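Chain naming here is simple, since letters A, B, ... match the order of the sequence lines and numbering starts at 1 in each. Keep in mind it's a predicted model, so treat the numbers as computed, not measured.
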Amino acid sequence: MYIYDSVQKKKVLFEPIREKEASIYVCGPTVYDDAHLGHARSALSFDLLARTLRQLDYKVTMAKNFTDIDDKIIKKVKESGRSMREITEYYIDRYQAEMDALGICRSDIEPKATESLDAIEGMIAKLIEGGFAYQIASGDVYFATSQDAQYGSLSHRVGDDEEAQSRIDHVGEKRNPKDFALWKACGEGDEICFDTHLGSGRPGWHIECSAMIEKHFCGTDSYSIDIHGGGADLLFPHHENEAAQSRCATGHELAKYWMHNGFVQIDGEKMSKSLGNSFFLKDALASYDGEILRYYLISVHYRNDFNFNEEDLLALKKRLDKLYRLKKRILPATASLPSVDFRKGLLDAMADDLNISVALSVVDEMVAQSNEKLDANPKDKALKKEILANIELIDALLGFGAKDPFEYFQLGVEPELKLQIEKLIEMRTGAKKEKDFAAADTLREELIRLGVAIMDFPEGTAWEKI
RNA sequence: GGAGCCAUCGCCAAGCGGUAAGGCCGCAGCCUGCAAAGCUGCUAUCCCCGGUUCAAAUCCGGGUGGCUCCUCCA
């Protein structure tokens, strides 16, 4: 397996710290609002990574955190009158449900900041003890970036002319503008506080990931985990800071490889809250089935920017339709084993830094060839079994193609309408039998008006929602 | 101001020094009562200008255009 390492800035052979095992930690969402397409893309990228590694026989341990302590959450608490827990639980549940709809495998470990305070506290204490962090009069604790000789090596940022970047930064008592808060002491009017030996307060943002990784992964003398992932915007300062903290607290590197996914853009601009151009996943899911959204969102290589647009989505859906039409042709069947060449083609593509474009072209080729073979031998049972096995492999590796094809083409069609459609088709079949083609064509037009496409086969007439 | 990324057929999109995958759309054919679906065939020399090389979309330099990070962000 080759992956692109953001630190080395090139594609490298993935060599796990433990034979045939892969530990992956991905930065998850801060749960104060609904997930947008960017969250979906990040989750999908690393879902594909995990699925690919599993197909390559790695034992994958995947962790994705929920940041449930944060200023934006606290702000929402104050505005809404709801408790912090109410708010975070609500958005976590929604996040999970929406990611489930996209066919994203649940992570093995899903730590929360509120459940990791012991680890956070412990790591901060270690950093203070080692002289890598300092506490100021207010009680805030800062990481001393100057104490880490390698600070900046992750994002390749050197020089000290950059602005301060701490997440929660109300006093200018930092020794260095790059220093960032590990712990924020409770101040006047702060209601969300946790009591620790550091005093009453709450953790800064960056520390939670480092602490959670230490808590949940055993690591080795050289690295805590194999792969750390997240959106490209997290490379600096978030991941740089994580790397620095972990390095100083543990004496070894946090992750052997760092992977970052590109942005989802709307009209050529990064989607973000501040620009007000967020496209929420819930809205997308209201218009499109999760599987189609998944197919569309994974169709562009994870490192590239993704420009979301509904016309492209519809074009991609037509591609997915073809897979399901093939599936319709082979059912009922039981799966045997996928074709050797097909499996190799798919895995080779995905093992090359998740080259989804090539993988999808391998799928397309399989679909076309299978249709051709079925045209020649419509009753070849062994062939049908192999095709079904191929489709099951697609589902396992890429996460689509698992639906019943008849349901797929009739998604969202009400039962009464379905009856009406079937009645019209029956009438049309009768008209055709009588060679009354004018009547048959009228009925077909009526069906088209109902949003239904029909196709005649020797076995009968099939229909699809347009 | 500092640091990166990107630019391939009308559209989406691979390519990682060896002579341009795939999909959508379009056209033609087979099939069909006609369609649809399916299958087959057809459609690009890679933003511009230099350079390195036997060989460059791929490497280097310079432009132009777009995006991002340096502040919360997937």
Side-chain angles (χ1 to χ4, degrees), chain A residues 2 4 9-11 26-30 32-33 35-46 70-72 155-159 161-169 178 205 229-238 240 260-265 268-275 278 296 299-301 303-307 309 311-322 325-326 328-329 349 352-353 355-365 367-376 432 435-438 440-441 444-445 448 453-458 461-464 466:
Chain A
Y2 281 84
Y4 184 90
K9 291 184 160 193
K10 62 180 182 186
K11 218 187 275 183
V26 181
C27 285
T30 301
Y32 71 103
D33 203 352
H36 58 218
L37 294 176
H39 293 104
R41 172 121 119 118
S42 177
L44 284 167
S45 300
F46 294 102
D70 174 87
D71 281 11
K72 291 186 289 294
S155 58
H156 305 286
R157 277 163 206 267
V158 284
D161 53 340
E162 285 176 21
E163 300 280 304
Q165 68 272 355
S166 78
R167 174 123 158 166
I168 308 161
D169 184 18
K178 283 183 168 175
W205 178 35
D233 46 356
L234 299 181
L235 181 57
F236 188 86
H238 188 234
E240 186 73 60
H260 292 91
N261 63 275
F263 300 125
V264 175
Q265 304 188 326
E269 271 191 329
K270 181 190 175 184
M271 186 171 69
S272 73
K273 295 279 166 58
S274 46
L275 286 168
S278 292
Y296 176 50
S299 70
V300 176
H301 185 83
R303 267 189 285 125
N304 290 163
D305 283 337
F306 185 104
N307 202 299
N309 130 337
E311 291 77 59
D312 292 347
L313 186 153
L314 262 17
L316 263 289
K317 180 186 177 298
K318 291 184 181 175
R319 215 174 164 180
L320 181 58
D321 288 350
K322 292 171 104 170
R325 289 203 189 98
L326 171 65
K328 203 152 67 169
R329 292 185 75 178
D352 182 16
D353 193 37
N355 192 330
I356 190 73
S357 294
V358 170
L360 293 181
S361 77
V362 170
V363 171
D364 287 337
E365 198 183 330
V367 171
Q369 283 180 0
S370 298
N371 275 318
E372 203 179 351
K373 287 181 199 164
L374 284 169
D375 286 345
K432 275 174 52 178
K435 302 261 189 241
D436 185 355
F437 296 122
D441 289 351
R444 179 166 59 200
E445 273 160 35
I448 289 168
I454 55 171
M455 36 214 85
D456 294 330
F457 293 104
T461 298
W463 65 274
E464 296 177 4
I466 298 168

Quick check for you: among B:rG22, B:rG38, B:rA35, whose closest atom lies nearest to any side-chain atom of A:Asn371? B:rG38
Using the P atom as the point on both nucleotides, what is the distance between B:rG4 and B:rG63, in whole Å? 15 Å
Roughly how many Å is it from CZ in A:Phe263 to P in B:rA74, rounded to a whole number? 10 Å
B:rC24 phosphate, OP1 or OP2: any side-chain N/O from A:Lys322 under 4.0 angstrom? yes
Specify the separation, in whole Å, of atom CZ of A:Phe306 and atom P of B:rC11. 17 Å
Distance between the P atoms of B:rC12 and B:rA74, in whole angstroms? 27 Å
Taking the P atom in each of B:rG66 and B:rA36, what is the distance between them to the nearest angstrom? 42 Å
Any side-chain N or O of A:Lys270 less than 4.0 Å from the OP1 or OP2 oxygen of B:rC69? yes
Atom pairs, protein N/O to nucleotides 14-17 of chain B N/O, distance under 3.5 Å:
from   : atom 1 : to       : atom 2 : distance (Å)
B:rA14 : OP1    : A:His301 : N      : 3.2
B:rA14 : OP1    : A:Asn304 : OD1    : 2.9
B:rA14 : O5'    : A:Ser357 : OG     : 3.0
B:rA14 : O3'    : A:Asn355 : ND2    : 3.2
B:rG15 : OP1    : A:Asn355 : ND2    : 3.0
B:rC16 : N3     : A:Lys11  : NZ     : 2.4
B:rC16 : N4     : A:Lys11  : NZ     : 2.7

With a cut-off of less than 4.0 Å, is there a side-chain N or O of A:Trp463 near OP1 or OP2 of B:rA37? no
Which base, if any, makes a Watson-Crick or G-U wobble pair with B:rA37, both distances under 3.5 Å? none
What is the nucleic acid contact for A:Val362, judged by heavy atoms within less than 4.0 Å: base, sugar-phosphate only, or nothing? nothing
5'-most contact on RNA chain B (nearest-nucleotide basis), A:Ala315 vs A:Glu464, goes to A:Ala315
Out of B:rC34, B:rC67, B:rA74, which nucleotide sits closest to the side chain of A:Arg444? B:rC34
Within the 4.0 Å heavy-atom criterion, would you say A:Gly38 contacts the bases, only the backbone, or no part of the nucleic acid? base
Counting only N and O atoms by type, is there a donor-acceptor contact under 3.5 Å from the side chain of A:Glu240 to the main-chain atoms of A:Ser155? yes
Which whole number of Å gives the distance between the C1' atom of B:rG22 and that of B:rC9? 13 Å
Is there a donor-acceptor pair under 3.5 Å between the side chain of A:Asp352 and the backbone N or O of A:Asn355? no
In whole Å, measure the gap between the P atoms of B:rA55 and B:rG15 for me. 25 Å
Check A:Asp33 with A:Lys72, please: is the shortest side-chain N to carboxylate O separation under 4.0 Å? no
List for me each residue that meets ring pair (Phe, Tyr, Trp, His ring centres under 6.0 Å) alongside A:Phe306, sequence neighbours excluded, and say none if there are none. A:Tyr296
A:His156 vs A:Phe236 side-chain heavy atoms within contact, under 4.5 Å: no
Between C1' of B:rG23 and CZ of A:Arg319, the distance in whole Å: 4 Å
Just the rounded figure in Å: distance from C1' of B:rC25 to NZ of A:Lys317. 16 Å
Please report the closest heavy-atom contact between A:Asn307 and A:Asp312, naming both atoms and the distance. O-OD2, 4.3 Å
Under a 3.5 Å limit for both distances, which nucleotide forms a Watson-Crick or G-U wobble pair with B:rU43, could you say? none
Among B:rG23, B:rG33, B:rC72, the one nearest any side-chain atom of A:Lys72 is B:rC72
Just to verify, what does A:His301 make a side chain to side chain contact (heavy atoms under 4.5 Å, CB included) with, not counting sequence neighbours? A:Arg303, A:Asn304, A:Asp353
Expressed as a whole number of Å, how far does the C1' atom of B:rA21 sit from that of B:rU58? 15 Å
Looking only at B:rC72, B:rG22, B:rC69, the nucleotide nearest the A:Asp364 side chain is B:rG22
If we only count heavy atoms from C-beta on, is the A:Asp305 to A:Val300 side-chain gap below 4.5 Å? no
Please classify the nucleic acid contact of A:Leu234 as base, sugar-phosphate, or nothing, using heavy-atom distances under 4.0 Å. sugar-phosphate
Between B:rG61 and B:rU52, how far apart are the C1' atoms? Round to whole Å, please. 11 Å
Applying a 3.5 Å limit to both distances, which nucleotide forms a Watson-Crick or G-U wobble pair with B:rC67? B:rG4
Of the listed nucleotides B:rC39, B:rG23, B:rC34, the one nearest the side chain of A:Asp441: B:rC34
When rounded to whole Å, the CZ to C1' distance for the pair A:Phe236 and B:rG2 reads 12 Å
If you check every side-chain atom of A:Phe457, which of B:rA37, B:rC70, B:rG4 has the closest atom? B:rA37
In whole Å, what is the span from the CG atom of A:Asp305 to the C1' atom of B:rG4? 12 Å
Is A:Lys318 close enough to B:rC25 that one of its side-chain N or O atoms is under 4.0 Å from OP1 or OP2 there? yes
Integer-rounded Å distance: B:rG22 P and A:Leu316 CG: 16 Å
Within the 4.0 Å heavy-atom criterion, would you say A:Gln265 contacts the bases, only the backbone, or no part of the nucleic acid? sugar-phosphate
Only one of A:Lys322, A:Arg329, A:Arg325 passes side chain to side chain donor-acceptor pair (under 3.5 Å) with A:Asn371, and that residue is A:Arg329
Regarding A:Asp364 and A:Arg319, does a basic nitrogen lie under 4.0 Å from an acidic carboxylate oxygen? yes
Any strand counts, and the cut-off is 3.5 Å on both contacts for Watson-Crick or G-U wobble. Which nucleotide pairs with B:rC59? B:rG51
Could you check which of B:rC24, B:rG23, B:rC34 has an atom nearest any side-chain atom of A:Asp456? B:rC34
Take A:Ser155 and A:Asn307, find for each the nucleotide of RNA chain B with the closest heavy atom, and name the residue whose nucleotide sits nearer the 5' end. A:Ser155
Quick one: A:Asn309 CG to B:rC24 C1', roughly how many Å, whole number? 12 Å
Candidates B:rC11, B:rG38, B:rG33 - which lies nearest the side chain of A:Arg329: B:rG38
Has the side chain of A:His36 got a donor or acceptor atom sitting under 3.5 Å from an opposite partner on the base of B:rA74? yes
Contact class for A:Lys432 vs. all strands (heavy atom < 4.0 Å): base, sugar-phosphate, or nothing? base
Across the strands shown, which category fits A:Ala368 at heavy-atom distances under 4.0 angstrom: base, sugar-phosphate, nothing? sugar-phosphate
Between B:rC72, B:rG2, B:rC73, which nucleotide gets closest to the side-chain atoms of A:Arg157? B:rG2
Strictly below 4.0 Å, N to O, side chains only: are A:Asp441 and A:Arg444 in salt-bridge contact? yes
Atom P, compared across B:rC42 and B:rG50: separation rounded to whole Å: 34 Å
Please pick, from B:rA74, B:rC11, B:rG23, the nucleotide with the shortest atom-to-atom distance to any side-chain atom of A:Ser42. B:rA74
